[in-house]
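Here's the structure we're looking at; comments come further down.
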Protein chains: 2
Amino acid sequence: MTNQSTYGKIVSVAEKFVRTRGYNGFSYADVAAEVGVSKASLHHHFATKPDLGLELIRNFTKNVSDVLEEIDYSNQKHLTKLREYARMYEGSFHENKMCLCGMLAAEHESLSDPMRKATIAFFEGHEVWLEKVLIAGKEAGELQFNGPAIDQARLIVANLQGALLVAKAAHSLPRITAVASNLIESYRVKEIA
Amino acid sequence: MTNQSTYGKIVSVAEKFVRTRGYNGFSYADVAAEVGVSKASLHHHFATKPDLGLELIRNFTKNVSDVLEEIDYSNQKHLTKLREYARMYEGSFHENKMCLCGMLAAEHESLSDPMRKATIAFFEGHEVWLEKVLIAGKEAGELQFNGPAIDQARLIVANLQGALLVAKAAHSLPRITAVASNLIESYRVKEIA
DNA sequence: AAACGTTCACTAACTAGTAGGTAGGTAAAC
DNA sequence: GTTTACCTACCTACTAGTTAGTGAACGTTT
């Protein structure tokens, strides 16, 4: 991080602040101090706080999309893909950070309109990705579930966001791991006893 | 609300602010203006913001506990009890509010120590309540699930908190109803086909 | 019953500090 | 010679919290 551009440092420091303290929980002065530049320099790169916030969402969405794409092209079993999806949240827990967009969803009443829209789009992207995995997995006979795949996709997103929310606050590892594995394994095709 | 004491008005106005904007998203001035008293009057009732915050958690926890107790004594089927639990979150969605403690969990890094502890205790209370319902329901042959009941209890809490988080931000009714019903119905004992 | 002291609920006017944002400038790079 | 990346110094509005006080309600003492 030290050999990043100032722009990049601002983004990663601000992202950390949002994911730990929330959008209303940090100031330009906080970011400036940690990056080691003046407050005015932040305004040079991001005219206003909502401008910075929007860039954080775009950057985060891009980074996560790249991971989803990697999972897509890994040619693993579909259940493994779901497990890897859940692992992202477990990783977030171990860094003691919320999902950026999970945090912003909670605060969405205080966000600018572009930030709100970008936050919703983040979730929709995940749901569409999961829906595809679920459908492909069912067709391949690797996954089982009842009802529309989109409902299951939403259930997975809701479950992992909620598990991260509660587990992080309670500093409770089992709250994220047990929830994640219970959820994902429920899609595994059971052998007839 | 108009014929409440000032104390009561402060609590209900502040609760609304936390549940919509977050703990860091409102000020004493905001509350004072909406209640129609001076800022100093708020400090008379609650010396500091963390004092007010702690009272909000206690009040909220008490109100929700009362609902859980009512459900307990209603002598309904255990699946119905789970449905009623989920209905609380759907109610919250319709008021366009987060769960108070769900919001505070996201912001828990900015909270006082007593607030943090009270927030965690809120979730533990729910998990214990759900665990009892799940165990009793399984013994009565009304509910089915694999593994420890506490894991399922945590899964339910995580799922509903997450569903509320995402659904509220996206103003999306199906995100909460579909998730809630899919989750709860999965505990129903299935007839052998 | 009148006077007293205390408590309660509240106020206007203040403090010190912080919020996001701006004005105007420097110095190096393209 | 304009653009980029930064700076110091500053602004206004707002933050939580304090001070010193008012007036009504209360029980107690005389």
Side-chain angles (χ1 to χ4, degrees), chain A residues 1-57 59 103-104 106-116, chain B residues 1-18 20-57 59 103-104 107-116:
Chain A
M1 201 196 84
T2 17
N3 50 6
Q4 257 183 320
S5 66
T6 299
Y7 185 99
K9 282 186 202 168
I10 292 170
V11 169
S12 67
V13 166
E15 183 190 304
K16 187 195 72 183
F17 278 141
V18 175
R19 293 177 67 186
T20 49
R21 305 190 200 167
Y23 182 73
N24 291 320
F26 76 100
S27 71
Y28 260 38
D30 295 329
V31 179
E34 188 151 330
V35 172
V37 293
S38 72
K39 230 159 43 100
S41 176
L42 258 79
H43 282 287
H44 168 72
H45 291 286
F46 303 98
T48 67
K49 203 182 176 187
D51 288 337
L52 170 57
L54 186 58
E55 175 55 26
L56 293 183
I57 304 175
N59 179 68
M103 183 64 94
L104 294 176
E107 295 179 292
H108 94 286
E109 214 97 3
S110 355
L111 305 182
S112 69
D113 214 62
M115 285 182 74
R116 250 189 287 237
Chain B
M1 204 196 86
T2 17
N3 50 4
Q4 256 184 321
S5 65
T6 300
Y7 185 99
K9 282 186 204 167
I10 292 169
V11 168
S12 68
V13 167
E15 183 189 304
K16 187 195 72 183
F17 278 140
V18 174
T20 50
R21 305 191 200 166
Y23 183 74
N24 291 319
F26 76 99
S27 72
Y28 260 39
D30 295 329
V31 179
E34 188 152 330
V35 172
V37 292
S38 73
K39 229 164 40 103
S41 176
L42 258 79
H43 282 287
H44 168 71
H45 292 285
F46 303 98
T48 68
K49 205 183 174 187
D51 288 337
L52 170 57
L54 186 58
E55 175 55 26
L56 293 183
I57 304 175
N59 180 68
M103 183 63 94
L104 293 176
E107 296 179 292
H108 94 287
E109 214 96 4
S110 354
L111 305 183
S112 68
D113 214 61
M115 284 183 73
R116 250 189 288 238

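Keep in mind that the numbers below use all heavy atoms, side chains included, and drop hydrogens, waters and symmetry copies.
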Show me the protein contacts with nucleotides 28-30 of chain C, counting only N or O atoms at under 3.5 Å.
none

Between C1' of dA16(C) and OH of Tyr28(B), the distance in whole Å: 18 Å
Sort me out a list of protein N/O and nucleotides 21-26 of chain D N/O pairs below 3.5 Å, or just none if empty.
none

Spacing of Phe26(A) atom CZ relative to dT18(C) atom P, expressed in whole Å: 17 Å
Between dG20(C) (P) and Asp30(A) (CG): distance, integer Å: 8 Å
Donor-acceptor contact below 3.5 Å, side chain Glu107(A) vs main chain Asn24(A): yes
Working for side-chain contact (heavy atoms from CB on, under 4.5 Å), residues Met103(A) and Arg19(A): CA-CA 6 Å; Met103(A) 183 64 94; Arg19(A) 293 177 67 186; 5.8 Å; no
Side chain of Val37(A) (C-beta onward), nearest among dC10(C), dG20(C), dC6(D): dC6(D)
Test side-chain hydrogen bond (donor to acceptor under 3.5 Å, both in side chains) applied to Ser27(A) - qualifying residues, sequence neighbours left out: Asp30(A)
Side chain Lys16(A), main chain Val11(A), donor-acceptor under 3.5 Å: no
From dT22(C), dT11(C), dA16(D), nucleotide with atom closest to Ser27(B) side chain: dA16(D)
Closest approach of Glu34(B) to Val13(B) (non-hydrogen atoms, all atoms of both residues): CB-CG1, 3.9 Å
Sequence neighbours excluded, every pair satisfying side-chain hydrogen bond (donor to acceptor under 3.5 Å, both in side chains) that has a member inside residues 35-48 of chain B: Thr48(B)-Asp51(B)
Partners meeting side-chain hydrogen bond (donor to acceptor under 3.5 Å, both in side chains) with Glu55(A) (sequence neighbours left out): none
Proximity to DNA chain C (any heavy atom under 4.0 Å), residues of residues 106-115 of chain A only: none
Whole-Å gap separating P (dT3(D)) and OH (Tyr7(A)): 20 Å
Pair Phe46(A) and Tyr28(A), ring centroids less than 6.0 Å apart: no
Pairing residues for Glu109(B) by the salt bridge (charged side-chain N to carboxylate O under 4.0 Å, His left out) criterion, not counting sequence neighbours: Lys168(A)
Side chain of Lys39(A) - closest among dG21(C), dT11(C), dT8(D): dG21(C)
Those residues that, when tested against Thr20(A), pass side-chain hydrogen bond (donor to acceptor under 3.5 Å, both in side chains) (two or more places apart): none
Sugar-phosphate only, base, or nothing, as touched by Ser38(A) at under 4.0 Å among non-hydrogen atoms: base
Selection: residues 41-52 of chain B, any non-hydrogen atom under 4.0 Å of DNA chain C: Ser41(B), His44(B), His45(B)
